[in-house]
Amino acid sequence: MSAIMDKKNLVDTLKPHSTIDREGILVAKEIADKTVWDKLALENPTHAVISAGTEAEAAKKSAIQIADIKEHVQAGDILLDLGTGYGRVAKYLLPEMPLTGYIGVDSAYAMLALFRERYSASPAEQKTPLLLINADIHTLPLQDVSVDTVIVSAVFLHNHKNVVEQAMAELKRVVKPGGTILIYSSFPRAATCMGMQGLAYQAFLNLVGRPFKNGPVRYYWRSEIMHLFDGFTEVTLKPVGYAVVPKSLIFLPKTLDKIWRVGFANPLNRALEYITPTFLKYYCAVHFDVVAKR
Ligand SMILES: C[S@@+](CC[C@H](N)C(=O)[O-])C[C@H]1O[C@@H](n2cnc3c(N)ncnc32)[C@H](O)[C@@H]1O
């Protein structure tokens, strides 16, 4: 029997359309979806983690967040950056504020490789010892009560809610009592037009048997977020952004969607924001950031 025939027999053991062939190795689609981050890391790491065209734009967008992080972090802290990407937060935070230790966790190896490369060339960042771990956010190879502060920035939103629930259980386990968790751009609000679309799309994914698909944004009700922080002593939800008109329509092809966003949704939202009374703006927020104490 030829080797090719042997392989044909083996290939028959696979579920149809469940894998992707990468240079002779079969990658399960659920994992392959995740490696979109590896691809983005190689093409344009700045764009992969923050929607900004240039380094200067990324720095500007990061400045407000870094100022906020500095208010919650102490120099003696070990900080865990969950879904660290290429280490954007470390890049801007550590030169200004060296820490006892920085742990970057990410499922995309290529992102961590970029982080290591930059860190190795940056004496300012090297004042803080660094540990990079290629792992999933919901199975952390870290000891109980081992970190002081956690940052999760733009990571939860593309993960299934079950994964986020397990990741939060992991954070409860690894954060020291009195430690702080800072969550940015991770809980888009369900009570919005975008949220309604997202919930409908998740219902569709459930129906077609792909509930865990990595990629689509998951939307949250306030009560769901509070539930994730059960057992924390202080939990503050901060409404961020403004949108009444949905910024994207999932059924539109990419180009039409961009036209909708740039030509219609963005200008209309800006005008509506201008005339909305302050007390109503809370109800138009795009997402919640969270600060919680263990
Ligand atoms: C939008 S980037 C944000 C990177 C960084 N936190 C920042 O704000 O610059 C999302 C990152 O989260 C990682 N990620 C997403 N889901 C993950 C999971 N389930 N486990 C580990 N990493 C994950 C991706 O690989 C990617 O590097």
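The structure presented is a predicted model; accordingly, all values stated were derived computationally and were not measured. Note that ligands are numbered from 1 as they come in the structure, with each ligand's atoms numbered from 1 the same way. The first residue in the sequence is number 1, and the count goes up from there.
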Can the ring centroids of His160 and Phe212 be said to lie less than 6.0 angstrom from one another? yes
Atoms of ligand 1 less than 4.0 Å from Ser107 heavy atoms? 17 (C), 18 (C), 20 (N), 21 (C), 22 (N), 23 (C), 25 (O)
Ligand 1 and Ser153, any nitrogen or oxygen pair closer than 3.5 angstrom? yes
Asp136: numbered ligand 1 atoms lying under 4.0 Å from its heavy atoms: 18 (C), 19 (N), 20 (N), 21 (C)
Here the atoms of ligand 1 under 4.0 Å from any heavy atom belonging to Gly85 are 4 (C), 27 (O)
Using every non-hydrogen atom in the two residues, find where Leu140 and Arg173 come nearest and quote the distance to one decimal. O-NH2, 3.0 Å
Does this structure show an ion pair linking Lys91 with Glu125, if we count only N-O contacts that are shorter than 4.0 Å? no
Return the orientation label for the Tyr102 and Phe115 ring planes: parallel under 30°, perpendicular over 60°, tilted otherwise. perpendicular
Are any of the N or O atoms of Ile137 closer than 3.5 Å to those of ligand 1? yes
Please check: side-chain N/O of Trp260 versus main-chain N/O of Pro246, any donor-acceptor pairing under 3.5 Å? yes
Would you say ligand 1 has an N or O under 3.5 Å from any N or O of Ala154? no
Does the ring centre of Tyr220 sit less than 6.0 Å away from the ring centre of Phe288? no
Could you list the atoms of ligand 1 found under 4.0 angstrom from a heavy atom of Thr84? 4 (C), 5 (C)
Counting only heavy atoms closer than 4.0 Å, does ligand 1 sit against the backbone of Ala135, its side chain, both, or neither? backbone
Is Arg294 reaching over with its side chain to a backbone N or O of Lys176, donor-acceptor style, under 3.5 angstrom? no
Taking distance alone, with N or O pairs closer than 3.5 Å, would you say Asn159 contacts ligand 1? yes
